[in-house]
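See below for the structure under consideration.
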2 protein chains.
Amino acid sequence: MSDAPTAKGRATRARIVEGAAQVLREQGVAVTTLDDIRSRTGTSKSQLFHYFPDGKSELLLAVARFEADRVLEDQQPYLGCLDSWQAWRQWRDVVVERYERQGDSCPLGALFLQVGRSSPGARAIVTELMRQWQRQLAHGMRALQANGLVPAALDVDRTAAALLAGIQGGVTIMMSTGDSTHLRAALDTGIEHLRASGAESGATTGAEGKAGAGPT
Amino acid sequence: MSDAPTAKGRATRARIVEGAAQVLREQGVAVTTLDDIRSRTGTSKSQLFHYFPDGKSELLLAVARFEADRVLEDQQPYLGCLDSWQAWRQWRDVVVERYERQGDSCPLGALFLQVGRSSPGARAIVTELMRQWQRQLAHGMRALQANGLVPAALDVDRTAAALLAGIQGGVTIMMSTGDSTHLRAALDTGIEHLRASGAESGATTGAEGKAGAGPT
DNA sequence: CCCAGTCTGGACTTGCTGGTCCATTTTTTG
DNA sequence: CAAAAAATGGACCAGCAAGTCCAGACTGGG
């Protein structure tokens, strides 16, 4: 991947990717040209093709990877330790805040649409991101189970999948409408479903409601 | 909008839109040219610009409208009368089936990405679609409330928003991964949440579980 | 200091695609 | 039937953006 022989080379390559990511966020993939990226990053055509021999598609793929990495990073450290209701709430806030700030640009989505299903690379990036994301959500739910805040009977994987879908859809809708209502609704309802599942099965403590609102 | 003076004209226009929709589904927006559409629909360049004076963007917008209309139509008649658990289940099946058949192409999403936030028209189409969709879901939930299957205390609008987000996200993820697990999870969890909400508030019958699986 | 490999600059080519234009045919209408 | 309006065919144009190429400038090791 980043087999740049020289430190300078590696730096330039990184500069290109970061700059390209910026431009793509601002203008959208469809209308961004190599010249836009070139001028933004202060590089020449030959450099672009030096570091990305396969041209634009390869560059876009690199940017996609870059963006995909950011997604989970931006949710840390909260996403990493969802073991209390408070932690879930904090994570929720971070997600909402992150995407509201991002506004109506969906770097990864757009990138994926552009590079398209044709490229196995793009698909792999997104698939991997989703898997990791869902895994961390599921992990958090299991932590709740371990703490007795959620009944062990809960189908963690399915619930995590649903929550992830809700987030994705919320972001999608926000991109279209500029309104984050759906994202919030998805997150809140998802977490609420977790809480309610305790009442539903009725097997566990029955005190999750209070315990959740309170301490770690 | 469709102010074509002649019947023949209207037919041609419709043929163009439908053909374009097909091509766009097959190849994706990014790589589809006017010539592709031209050859598919058996029309000439002048016709394209005769019926869509503003060129490609106007044509894409028309296709977006066309696709948006299909979305809700394809869910009928189920989406229209979600007044029993059985109806909800049938609707769920139709949605899953529809999107699984559609596979990894998301006409509207792609179209929207292409025409982009720049165009107020595109945004309006998507926004309107979402509103209608959510409205029908909310309407269905209220019907459940009226039948005493769901407590009146339920925040219908927020729950509908969350469910819609889940669907959108499920479709998005399916597009990327080719797997409909998330879509199913979102739908099932969403409906389950509706059911569980009865137990949660504990105010109503308490028999929804059985009643749901059963009649009507 | 020199040489090999790396990095950089930027002019140039090339293919394609959206869009224009006008001539011709078909349809409508009075 | 004739004239006007609509519909159609397809050649043509212009611009743009991806990709090529080669010359020249660094850099680091011997």
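- For the pair A/Leu34 CG and C/dT13 P, the computed distance is 20 Å after rounding to whole Å.
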Inset, instruction - Would you give a per-nucleotide map of nucleotides 22-30 of chain D, 5' to 3', where B means the base has a protein non-hydrogen atom under 4.0 Å away, S means only the sugar-phosphate does, and - means neither? - result: ----SS---
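- The closest side-chain donor-acceptor pair between A/Thr33 and A/Asp35, if any, does not fall under 3.5 angstrom.
- Pairs engaging residues 158-170 of chain A under the salt bridge (charged side-chain N to carboxylate O under 4.0 Å, His left out) rule: A/Arg158-B/Glu192 [sequence neighbours left out].
- For DNA chain C, the neighbouring residues in residues 54-64 of chain B, judged by any heavy atom under 4.0 Å, are B/Gly55, B/Lys56.
- A straight line from CD1 of B/Ile16 to C1' of D/dT8 spans 11 Å, rounded to a whole angstrom.
- Between A/Thr33 and B/Gln47, the one whose closest nucleotide on DNA chain D sits nearer the 5' end is B/Gln47.
- Nucleotide C/dG9 holds its P atom 11 Å from the CG atom of A/Leu48, rounded to whole Å.
- The distance from atom CZ of A/Arg38 to atom P of C/dC12 is 15 Å, rounded to the nearest whole Å.
- Protein atom CG of A/Asp35 is 11 Å distant from nucleotide atom C1' of C/dG10, rounded to whole Å.
- A/Phe112 and B/Ser176 make their closest contact through CZ-CA, 3.7 Å (heavy atoms, listed as atom of the first residue, atom of the second, distance).
- Remark: the A/Gln168 side chain and the B/His182 side chain contain no N/O donor-acceptor pair separated by less than 3.5 Å.
- With B/Trp88 as the fixed residue, the side chain to side chain contact (heavy atoms under 4.5 Å, CB included) test singles out one of B/Leu194, B/Leu149, B/Asp83: B/Leu194.
- Between A/Asp36 atom CG and D/dC16 atom C1' there is a gap of 12 Å when expressed in whole angstrom units.
- In terms of heavy-atom proximity, B/Val29 sits nearest to B/Ala110 at CG2-CB, 3.4 Å.
- We find that CZ of B/Phe49 is positioned 14 Å from C1' of D/dG10, with the value rounded to whole Å.
- For B/His50, whose side chain is taken as the heavy atoms from C-beta onward, the closest listed nucleotide among D/dA6, D/dG10, C/dG10 is D/dA6.
- The two residues B/Thr189 and A/Ala162 make their nearest non-hydrogen contact at OG1-CB, 3.4 Å.
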Inset, instruction - Determine, stepwise, if the pair B/Gln136 / B/Gln132 fulfils side chain to side chain donor-acceptor pair (under 3.5 Å). - result: CA-CA 6 Å; B/Gln136 301 216 40; B/Gln132 298 241 1; 4.8 Å; no
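- The distance between atom CD of A/Gln27 and atom P of D/dA17, rounded to the nearest whole Å, is 11 Å.
- Between the side chain of B/Lys45 and the base of D/dG9, no donor-acceptor pair under 3.5 Å is found.
- Side-chain polar atoms of A/Thr127 and A/Arg123 form no donor-acceptor pair below 3.5 angstrom.
- Between A/Tyr51 and C/dT6 there is no side-chain N or O to OP1 or OP2 distance below 4.0 Å.
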